[in-house]
Amino acid sequence: QDISQGDVRMKINKSIEQGIFVVIMLELEKDHKPLKCPTLSENLGVSTTYLQKILHRMVSAGIVHSNASKDGGYTIAKPASQITIADIMDAVDETIFDFDSERLARNLFGDDPHVAKAELKVSDCIGKSLAAMRGELAAVTIENLLQEDRDRNGSIEWESRIE
């Protein structure tokens, strides 16, 4: 996804979207039965290999559980109200919400005090913007994305939806 405003674009890794919808699928699975990666990837229409990497990262982060037994698969590790988009992003993507200036203005204009102040303002502005974005992502839980009247004990059999 591209988040754009004017000519500024920030590319958001597709793994974040896939992670969000995997967690939604696990939350909505009937009786919260474990789901295997091929079932998840078939329903989402994404690569099983790529999704396995995402699932492994979410297991390491404590967002989902993995059971390798014959009847095993993946299940949600904690309530949907306790999993935020930021949690998923932190688990599956290596985006760092930080800005480290290369001090390029000094290369052009030298050590002029005005240049240092301008660089500090740019750095400050970008840092605050990234912190605000991170805060917004941390404020939205998986539960916020679900219909309020949806059966939270699981109401969908994802396996049966595969043709």
Side-chain angles (χ1 to χ4, degrees), residues 1-29 32 35 37 40-41 43-47 49-66 74-152 154-156 158:
Q1 269 67 25
D2 281 332
I3 297 174
S4 60
Q5 179 152 352
D7 292 323
V8 178
R9 290 187 177 252
M10 179 184 292
K11 187 78 170 165
I12 302 295
N13 193 320
K14 66 183 176 180
S15 60
I16 297 169
E17 182 181 21
Q18 289 182 19
I20 291 167
F21 285 100
V22 161
V23 174
I24 288 172
M25 288 176 70
L26 297 176
E27 173 65 15
L28 295 178
E29 172 63 19
H32 296 290
L35 291 173
C37 186
L40 294 164
S41 66
N43 277 283
L44 289 170
V46 300
S47 159
T49 306
Y50 188 76
L51 191 58
Q52 284 174 327
K53 292 175 186 176
I54 293 169
L55 286 162
H56 177 72
R57 290 177 179 171
M58 289 199 301
V59 168
S60 295
I63 295 170
V64 300
H65 288 299
S66 173
Y74 296 93
T75 55
I76 194 166
K78 52 189 172 182
S81 62
Q82 295 178 15
I83 302 171
T84 68
I85 292 176
D87 295 333
I88 294 169
M89 184 182 69
D90 291 344
V92 303
D93 191 27
E94 294 167 2
T95 300
I96 297 172
F97 281 79
D98 193 14
F99 175 73
D100 188 19
S101 173
E102 293 185 26
R103 313 286 188 258
L104 298 178
R106 290 181 193 184
N107 293 345
L108 297 173
F109 305 110
D111 282 336
D112 183 301
H114 175 75
V115 171
K117 284 181 182 179
E119 283 180 339
L120 185 58
K121 282 182 182 180
V122 169
S123 183
D124 224 25
C125 176
I126 292 173
K128 286 176 183 176
S129 298
L130 292 173
M133 181 177 163
R134 179 79 172 71
E136 288 294 319
L137 296 172
V140 178
T141 68
I142 294 300
E143 184 173 55
N144 297 142
L145 302 177
L146 301 174
Q147 292 177 5
E148 286 186 33
D149 59 347
R150 176 67 87 177
D151 178 7
R152 296 305 168 92
S155 58
I156 300 172
W158 297 106

May I have the step-by-step check of side-chain contact (heavy atoms from CB on, under 4.5 Å) for S60 and H56, ending in yes or no? CA-CA 6 Å; S60 295; H56 177 72; 4.1 Å; yes
For L44 and M25: C-alpha separation, side-chain torsions, deciding distance, then whether side-chain contact (heavy atoms from CB on, under 4.5 Å) applies. CA-CA 9 Å; L44 289 170; M25 288 176 70; 3.8 Å; yes
Might you work through the side-chain contact (heavy atoms from CB on, under 4.5 Å) test for V23 and I63, ending with a clear yes or no? CA-CA 8 Å; V23 174; I63 295 170; 3.8 Å; yes
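The number of heavy-atom neighbours closer than 6.0 Å to NZ of K78, taken from other residues, nucleotides and ligands shown, is above 12. With a 6.0 Å radius and a threshold of 12 heavy atoms from other residues, nucleotides or ligands, E136 has its CD atom at or below the threshold.
Not one N or O on the side chain of W158 forms a donor-acceptor pair closer than 3.5 Å with the backbone of N43.
Atom CD1 of I88 sits about 7.5 Å away from atom CD1 of I24, to the nearest 0.5 Å. Atom CZ of residue F21 and atom CG of residue L145 lie 7.5 Å apart, to the nearest 0.5 angstrom. A distance of 13.5 Å separates OH in Y50 from OG in S41, rounded to the nearest 0.5 Å. The CG atom of D87 lies 10.5 Å from the CG atom of L137; values are rounded to the nearest 0.5 Å. Summarising the geometry, atom CD1 belonging to I54 is positioned 10.0 Å from atom CD belonging to E17; distances are rounded to the nearest 0.5 Å.
The two residues Q52 and C37 come nearest to each other via the heavy atoms CG-SG, 3.4 Å. The shortest non-hydrogen separation linking A91 to A61 is CB-CB, 3.5 Å. Nearest heavy atom pair, residue T75 against residue H32, reads CG2-O, 3.7 Å. The heavy-atom pair separating S81 from T141 by the smallest distance is O-CG2, 3.4 Å. Smallest separation of non-hydrogen atoms from A77 and G62: CB-O, 3.2 Å. Nearest heavy atoms, A139 versus N144: O-OD1, 3.6 Å.
At a threshold of 4.5 Å between non-hydrogen side-chain atoms, the residues I142 and I76 do not count as touching. The closest side-chain heavy-atom distance from Y74 to M58 is not below 4.5 Å.
Considering I16, I20, T84 as possible partners of M89, the one that fulfils the side chain to side chain contact (heavy atoms under 4.5 Å, CB included) test is I16.
In summary, R134 and D90 engage in a salt bridge, as defined by a charged side-chain N under 4.0 Å from a carboxylate O.
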